[in-house]
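Note that the structure is predicted; figures quoted are calculated from it, not measured. Positions are given from 1, in the same order as the sequence printed here.
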Amino acid sequence: MAREIVLDTETTGFDPKTGDRLIEVGCIEIEDLLPTGRTFHTLVNPERTIPPGAIAVHGITDDKVRDAPKFHQIVHDLMAFIGDAPVIAHNAAFDRSFIDFECGRCDHPLIEATRWIDTLQLAQKRFPGMANSLDALCKRFKISLVERTLHGALIDARLLADVYLELKGGKERALDLTARPTTAAAVGGAVGGYGARPRPLAPASTEQERADHAAFLARTLKDGSLWAAYGVKAADPAAA
């Protein structure tokens, strides 16, 4: 089975190079484009204060992360959960920059760049020129946002898993059609027992009915009529 990990993060800001840090990470495991129910989720102590602007986005305060583990304490569990699977993220360059930065600080090997899949790029190719934020895609695909009052890593990862499923045509792939060929073959075999139909089929009308119909046409159709213009001509009743 094709195993993939949908990942989302929350941070103190936009750029780890200017001192921003990771404060939450959430992962959803999917196999063959369907969630398995396995997740990874944790808050992370950023070892710095969280700006009010960031709190307004995700609602994570200093109090909530004060007793949370630091990244070096969760990195092995996170990477064990991810394994060697591709990592799916929306605007993946953002999440990757923070994961790479945190891994670099604790000398942990990075996730290979080729394993990151960006759903923003997938959406831009499918819907060029349209809004392709996670919210916009959820609305476009009619994915409920009722439980999402604020951004959250695990909530957003769940939403992104549904969006990724839609972008990859997962609903169609999820249908079990394996029984259909067998059933069709069985039905075909049963029908085949009656033998091939003759070509052309034998007429269902009687000889008298055909003669009456030919006589009706002879009385009704005239040269220059609408039907004659299309090449429909009355048959000779005697010949019928």
*asked:* I28 vs F40, test: side-chain contact (heavy atoms from CB on, under 4.5 Å). Steps then yes/no.
replied: CA-CA 7 Å; I28 303 289; F40 178 92; over 6 Å; no
*What about L154 and L34, same hydrophobic cluster or not, with Ile/Leu/Val/Met/Phe/Trp/Tyr joined at side-chain heavy-atom distances under 4.5 Å?*
yes
*In terms of hydrophobic clustering (I, L, V, M, F, W, Y; side-chain heavy atoms under 4.5 Å; direct or indirect links), are F141 and M130 co-clustered?*
yes
*Write down the atom of I55, the atom of T61, and the distance for their closest heavy-atom approach.*
CG2-CG2, 4.0 Å
*Should the heavy atoms of other residues, nucleotides or ligands under 6.0 Å from CZ of F14 be counted, would the total exceed 12?*
no
*Are any side-chain N or O atoms of R115 and backbone N or O atoms of A85, one a donor and one an acceptor, separated by less than 3.5 Å?*
yes
_Could you check whether any side-chain heavy atom of L43 comes within less than 4.5 Å of a side-chain heavy atom of I23, counting everything from C-beta outward?_
no
_When you compare the side chain of Y164 with that of L33, does any pair of heavy atoms fall below 4.5 Å?_
yes
*Following the transitive rule for hydrophobic clusters with a side-chain heavy-atom cut-off under 4.5 Å over Ile, Leu, Val, Met, Phe, Trp and Tyr, establish whether V6 and I155 coincide in one cluster.*
yes
*Do you see a donor-acceptor pair shorter than 3.5 Å between the side chains of E24 and H41?*
yes
*Which distance, rounded to the nearest 0.5 Å, do you find between the CD of E4 and the CG of D32?*
9.0 Å
*Report yes or no: do E29 and T36 form a side-chain donor-acceptor pair below 3.5 Å?*
yes
_Smallest separation among heavy atoms of A157 and D8, with atom names_ = N-CB, 4.0 Å
*Pair R105-K70, side-chain contact (heavy atoms from CB on, under 4.5 Å): steps then yes or no*: CA-CA 11 Å; R105 291 186 78 250; K70 298 175 183 178; over 6 Å; no
_Any non-hydrogen side-chain atom of E102 less than 4.5 Å from a side-chain atom of V44?_
no
*For the residue pair F71 and V25, establish whether any side-chain heavy-atom pair is separated by less than 4.5 Å.*
no
*Within the distance-only criterion (no hydrogens, no angle test), does the side chain of T119 pair as donor or acceptor with the backbone N or O of L122 below 3.5 angstrom?*
no
*Taking NZ, NE, NH1 and NH2 as the nitrogens, is one of them in R140 or E166 under 4.0 Å from a carboxylate oxygen of the other?*
no
*Rounded to the nearest 0.5 Å, what separation is found between the CZ atom of R96 and the OG1 atom of T9?*
13.5 Å
*Are L134 and L145 grouped together when hydrophobic residues (ILVMFWY) are joined by side-chain heavy atoms under 4.5 angstrom apart?*
yes
*Thinking salt bridges, do D20 and R48 make one under a 4.0 Å N-O criterion?*
yes
_Tell me if a side-chain donor or acceptor on K125 pairs with a main-chain N or O of L120 at a distance below 3.5 Å._
no
_Reported CZ-to-CG distance for the pair F94 and D118, which is rounded to 0.5 angstrom_ = 12.5 Å
_Side chains of W116 and I99, heavy atoms from C-beta outward: is any pair under 4.5 Å?_
yes
*Could you pull out the closest heavy-atom pair between I82 and I111, with the gap in Å?*
CD1-CD1, 3.9 Å
*Identify the heavy atoms of R21 and F101 that sit nearest to each other, and give their distance.*
CD-CE2, 3.9 Å
_I need the minimum non-hydrogen distance between P109 and C103, along with the two atoms involved._
O-SG, 4.2 Å
_Please report the interatomic distance CD1(I143) to CG(L137), rounded to the nearest 0.5 Å._
8.0 Å
_Distance check, rounded to the nearest 0.5 Å: L7 atom CG versus I117 atom CD1?_
12.0 Å
*When rounded to the nearest 0.5 angstrom, what is the spacing between CG in L160 and CG in D95?*
9.0 Å
*What's the shortest heavy-atom distance between P86 and R3, and which atoms?*
CD-O, 3.3 Å
*asked:* Please tell me whether I5 and L167 are part of a single hydrophobic cluster in this structure, the criterion being side-chain heavy atoms less than 4.5 Å apart.
replied: no
*Flag, side chain of H58 to backbone of A54, donor-acceptor distance under 3.5 Å*: yes
_Pairwise side-chain contact, C27 with L78, heavy-atom cut-off 4.5 Å (strictly under)_ = yes
*asked:* For F98 and D15: C-alpha separation, side-chain torsions, deciding distance, then whether side-chain contact (heavy atoms from CB on, under 4.5 Å) applies.
replied: CA-CA 8 Å; F98 278 91; D15 190 351; 5.7 Å; no
*Under 4.5 Å between any side-chain heavy atoms of N45 and R66, yes or no?*
no
*Does the side chain to side chain donor-acceptor pair (under 3.5 Å) test come out yes or no for D156 and H151, once each step is laid out?*
CA-CA 7 Å; D156 285 0; H151 286 261; 3.2 Å; yes
*asked:* Within a 6.0 Å radius of atom NE2 on H76, are there more than 12 heavy atoms belonging to other residues, nucleotides or ligands?
replied: no
